[in-house]
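Every heavy atom of this structure was used, including side-chain atoms; hydrogens, water molecules and symmetry mates were not. What you see is a predicted model, and the numbers here were worked out from it, not measured in a lab.
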Amino acid sequence: VQLQASGGGLVQAGGSLRLSCAASGRTFSTYIMGWFRQAPGKEREFVAAISRSARSTDYADSVKGRFTISRDNAKNTVYLQMNSLKLEDTAVYYCAARRGSWYDTKGGLNYGVDYWGKGTQVTVSS
């Protein structure tokens, strides 16, 4: 599976962006999908995860209520709608795919990621 993230850019604090991650292949619906981010000088951190059927999601506490993850299995795409952006949301955002069981904590992505996409830069300015 190849993952290609897009939609990043420069936005003012309080604004919105929608990231997309398109996957190649016919097996997209068999993967748990997620988003991670990495800010300069910091470790990569979990942002959000969504189950294969989209019935279950999980979010980092720092983005709950502001970000929404969704997926369209017909389009092989996962999305991250980011609202009320803050300066601390500035980071490179990566999409991730995992086979295996769904766990309520981070969708199980903390147990391992099978595929990573190239990142897309999100910069929030004051």
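Legend: residues meeting side chain to side chain contact (heavy atoms under 4.5 Å, CB included) with Val11, ordered by chain and number and at least two apart, are Leu17, Leu85, Val124. Applying the side-chain hydrogen bond (donor to acceptor under 3.5 Å, both in side chains) rule to Glu45 yields the partners Arg37; only residues at least two apart in sequence or on another chain are considered. In this structure Ser53 satisfies the side chain to side chain contact (heavy atoms under 4.5 Å, CB included) test together with Ser51, Arg55, sequence neighbours excluded. Under the ring pair (Phe, Tyr, Trp, His ring centres under 6.0 Å) criterion, Phe46 pairs with Phe36, not counting sequence neighbours. Residues satisfying the side chain to side chain contact (heavy atoms under 4.5 Å, CB included) test with Ser16, not counting sequence neighbours, are Gln81, Asn83.
Residue pairs meeting the disulfide (SG to SG under 2.5 Å) criterion with at least one member in residues 3-98, sequence neighbours excluded, are Cys21-Cys95. For the salt bridge (charged side-chain N to carboxylate O under 4.0 Å, His left out) condition, no pair includes a residue of residues 94-109, sequence neighbours left out. Applying the disulfide (SG to SG under 2.5 Å) definition to pairs two or more places apart or across chains, none involves residues 28-85. Here salt bridge (charged side-chain N to carboxylate O under 4.0 Å, His left out) pairs that include residues 62-76, with residues two or more places apart or in two chains, are Asp61-Lys64, Arg66-Asp89. Sorted by first and then second residue, the side-chain hydrogen bond (donor to acceptor under 3.5 Å, both in side chains) pairs with a member in residues 107-126 read Gln121-Thr123; sequence neighbours excluded. For residues 30-71, no residue pair satisfies the disulfide (SG to SG under 2.5 Å) rule, not counting sequence neighbours. The salt bridge (charged side-chain N to carboxylate O under 4.0 Å, His left out) contacts involving residues 8-22 comprise nothing, where partners must be two or more places apart or lie in separate chains.
Closest heavy-atom contact between Gly117 and Tyr94: O-CD2, 3.4 Å. When all heavy atoms are compared, the tightest approach of Trp35 to Ser20 is CH2-O, 3.6 Å. For the pair Tyr93 and Leu19, the tightest heavy-atom approach, listed with the atom from each and the gap, is CB-CD1, 3.6 Å. Annotation for Ala96 and Val113: closest pair CB-CG1, 3.6 Å, computed over non-hydrogen atoms. The nearest pair of heavy atoms linking Ala23 to Leu3 is CB-CD2, 3.6 Å.
Counting non-hydrogen atoms of neighbouring residues, nucleotides and ligands closer than 6.0 angstrom, the CD atom of Glu88 exceeds 12 such neighbours.
Thr57 contributes no side-chain N or O that, together with a main-chain N or O of Ala49, makes up a donor-acceptor pair within less than 3.5 Å. Checking side-chain atoms of Arg52 against main-chain N and O of Thr30 turns up a donor-acceptor pair under 3.5 Å.
When hydrophobic clusters are built by joining Ile, Leu, Val, Met, Phe, Trp and Tyr residues whose side-chain heavy atoms come closer than 4.5 Å, directly or via intermediates, Val122 is grouped together with Ile69. Leu87 and Val92 are members of different hydrophobic clusters when ILVMFWY side chains are connected at heavy-atom separations under 4.5 Å. In the hydrophobic cluster analysis, where Ile, Leu, Val, Met, Phe, Trp and Tyr join through side-chain heavy atoms closer than 4.5 angstrom, Met33 is grouped together with Phe67. At a threshold of 4.5 Å between side-chain heavy atoms, the hydrophobic network of Ile, Leu, Val, Met, Phe, Trp and Tyr places Leu109 and Ile50 in two separate groups. Hydrophobic clustering, with ILVMFWY side chains joined whenever heavy atoms are under 4.5 angstrom apart, groups Val78 together with Met82.
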Next item on the list: Show your reasoning for whether side chain to side chain contact (heavy atoms under 4.5 Å, CB included) applies to Tyr31 and Val1.
Entry: CA-CA 10 Å; Tyr31 288 90; Val1 173; 3.4 Å; yes

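Looking at heavy atoms from C-beta onward, Tyr79 lies out of side-chain contact with Thr68 at the 4.5 angstrom threshold.
Remark: Leu10 CG to Thr90 OG1 distance equals 8.5 Å, nearest 0.5 Å.
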